[in-house]
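Here is the structure we will look at, set down as structure tokens.
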Amino acid sequence: MTSVMEVRRVHAHPKITQPAGGPRSRALGVATALVCALALAGCKVDLYTNLDQQEANKIVATLLRHGIPAERSIGTDRRFTVTVDNGTFAEAVNVLQENGLPKQDFANLGEVFKKDGLVSSPVQERAQMIFALSQELSRTISDIDGVLSARVHLVLPENDPLRQQLIPSSASVFIRHRATMPVENLVPQVKMLVANGIAGLSYDKVSVVLIPVEASEKPETPDPGFTAFMGAWVQRDSLPRIAWTFYILIAVVIAQATALGAILWRQRRRPYRLGRAIPMEAP
């Protein structure tokens, strides 16, 4: 008798593995890294915000003198923002600190005694008066050439007129100045300024502390025909051509990365075929 042929269906279950890294995947990785590097190179960060025009101009001019590209932009509130490249942020902060920028804001008498609708106590009014005098003197001393920052601390005890021995008033002046400026010669004038500005304060009760600051070496200032682009100095006449070349390069790299990504995505979504049924003949 002829044996009945048995037909067995064999279903193949191929093992699904991730495609090995080929030239396309390596090219995609290189293109992605290049795009990220170019994006980081052109990243701008805010250095200082809410500045007036004069302060923003001083900051930008100081940074440009030290070879650090910087830009200023104006906001809707007529206040300025100074931006630098991400890679030069730390250096820009150090340079501005050495040059005492931005200048410290001092409160004036009008701001200290601003009416808020509340009745001030005599103690509060006295504290406000001492603070206001300290701010005004600090502002005046900060305007001296070569002074980076200044603070005036006043001690004005409230003496009882009936006491036989009165506690004298005193003042301490802290001055942070450029080491190249002979501020030591101005110490007598500073002491006289503070003593004459406070009632009851004598000249010998004013002490002055001077802290010199060594300036870092300045790089050579670029030629006026150069301008800053992406953290580097380029010729002003060549800036449009360099900028267009840079942007076209970024567009080409992004297009290539997008095309390679689409190819790899289609390959990974391609379905796997199962094995066909194989008839088995009886021996």
Side-chain angles (χ1 to χ4, degrees), residues 48 50-66 80 82 92-114 120 122-161 163 165-218 221:
Y48 285 104
N50 196 27
L51 301 170
D52 57 21
Q53 185 176 9
Q54 182 179 5
E55 195 75 8
N57 291 340
K58 289 181 180 179
I59 291 176
V60 173
T62 302
L63 293 177
L64 292 179
R65 285 199 305 268
H66 286 78
F80 286 82
V82 177
V93 172
N94 293 334
V95 169
L96 293 180
Q97 287 181 348
E98 293 176 355
N99 290 270
L101 293 173
K103 289 289 187 181
Q104 181 181 358
D105 292 332
F106 296 100
N108 54 37
L109 288 173
E111 294 174 349
V112 173
F113 291 96
K114 186 178 181 180
S120 301
V123 176
Q124 182 180 359
E125 290 182 351
R126 179 176 176 80
Q128 288 178 333
M129 175 60 71
I130 295 176
F131 176 74
L133 293 174
S134 173
Q135 292 285 290
E136 291 288 349
L137 291 172
S138 299
R139 182 197 299 272
T140 303
I141 298 174
S142 298
D143 291 337
I144 299 175
D145 293 339
V147 174
L148 300 178
S149 60
R151 295 292 300 272
V152 177
H153 303 275
L154 300 176
V155 178
L156 305 178
E158 189 174 3
N159 292 312
D160 188 355
R163 293 179 58 180
Q165 187 175 3
L166 302 179
I167 302 176
S169 302
S170 62
S172 299
V173 183
F174 170 83
I175 298 178
R176 183 170 171 267
H177 65 95
R178 294 189 179 93
T180 56
M181 299 296 293
V183 182
E184 296 85 356
N185 302 331
L186 300 178
V187 171
Q189 288 84 343
V190 171
K191 296 178 64 174
M192 185 178 299
L193 173 68
V194 176
N196 293 336
I198 305 297
L201 180 61
S202 60
Y203 178 88
D204 58 342
K205 290 298 182 179
V206 179
S207 60
V208 180
V209 178
L210 301 178
I211 303 298
V213 177
E214 296 289 343
S216 59
E217 296 182 359
K218 300 180 181 180
T221 305

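Below, each value reflects all heavy atoms present in this structure, side chains not excepted, and no hydrogens, waters or symmetry copies. Each residue takes its place number in the sequence, starting with 1. Bear in mind that the values here come from a model prediction, so they are computed numbers and not experimental data.
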* Looking at CD of Glu158 and CD1 of Ile167, how far apart are the two atoms once the value is rounded to the nearest 0.5 Å? ->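 One finds 11.0 Å between CD of Glu158 and CD1 of Ile167.
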* Asked: In Å, rounded to the nearest 0.5 Å, how long is the span from CE of Met129 to CG of Leu156?
  ->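 The CG atom of Leu156 is 10.5 Å from CE of Met129, to the nearest 0.5 Å.
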Quick one: side chain to side chain contact (heavy atoms under 4.5 Å, CB included) partners of [X], sequence neighbours excluded?
X: Asn57; value: Gln53, Arg72
X: Ser202; value: Asp204, Lys205
X: Pro212; value: His177, Ala179
X: Ile141; value: Ile144, Ala150, Val152, Val173, Ile175, Val190, Leu193, Val194

* Student check: side-chain heavy atoms of Val209 and Ser172 closer than 4.5 Å ->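 When only atoms from C-beta onward are counted, Ser172 and Val209 do not touch, as no gap falls below 4.5 Å.
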* Between Ile198 and Val206, is any pair of side-chain heavy atoms under 4.5 Å apart? ->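 Sidechains of Val206 and Ile198: no contact.
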Where is the tightest heavy-atom contact between [X] and [Y], given as atom of each residue plus distance?
X: Leu51; Y: Pro102; answer: CD2-CB, 4.4 Å
X: Asp145; Y: Met181; answer: O-CE, 4.0 Å
X: Arg176; Y: Gln97; answer: NH2-O, 2.9 Å
X: Lys103; Y: Glu55; answer: N-OE2, 2.5 Å
X: Asn99; Y: Val95; answer: ND2-O, 2.7 Å
X: Tyr203; Y: Pro188; answer: OH-CA, 3.4 Å

* To do: Show your working on side-chain contact (heavy atoms from CB on, under 4.5 Å) between Leu101 and Tyr48 and close with a plain yes or no.
  => CA-CA 10 Å; Leu101 293 173; Tyr48 285 104; over 6 Å; no
* Checking Ser134 side chain against Ile130 main chain: does a donor-acceptor pair fall under 3.5 Å? ->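 No, because the side chain of Ser134 does not come within donor-acceptor range (under 3.5 Å) of the backbone of Ile130.
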* Checking side-chain contact (heavy atoms from CB on, under 4.5 Å) for the pair Val147/Leu186: CA distance, chi angles, key distance, verdict? -> CA-CA 11 Å; Val147 174; Leu186 300 178; over 6 Å; no
* Taking side-chain hydrogen bond (donor to acceptor under 3.5 Å, both in side chains) as the test, write out the residues that go with Ser149, two or more places apart. =>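 With sequence neighbours excluded, Ser149 shows a side-chain hydrogen bond (donor to acceptor under 3.5 Å, both in side chains) to no residue whatsoever.
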* Asked: Residues in side-chain hydrogen bond (donor to acceptor under 3.5 Å, both in side chains) with Asp52, at least two apart?
  ->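 None.
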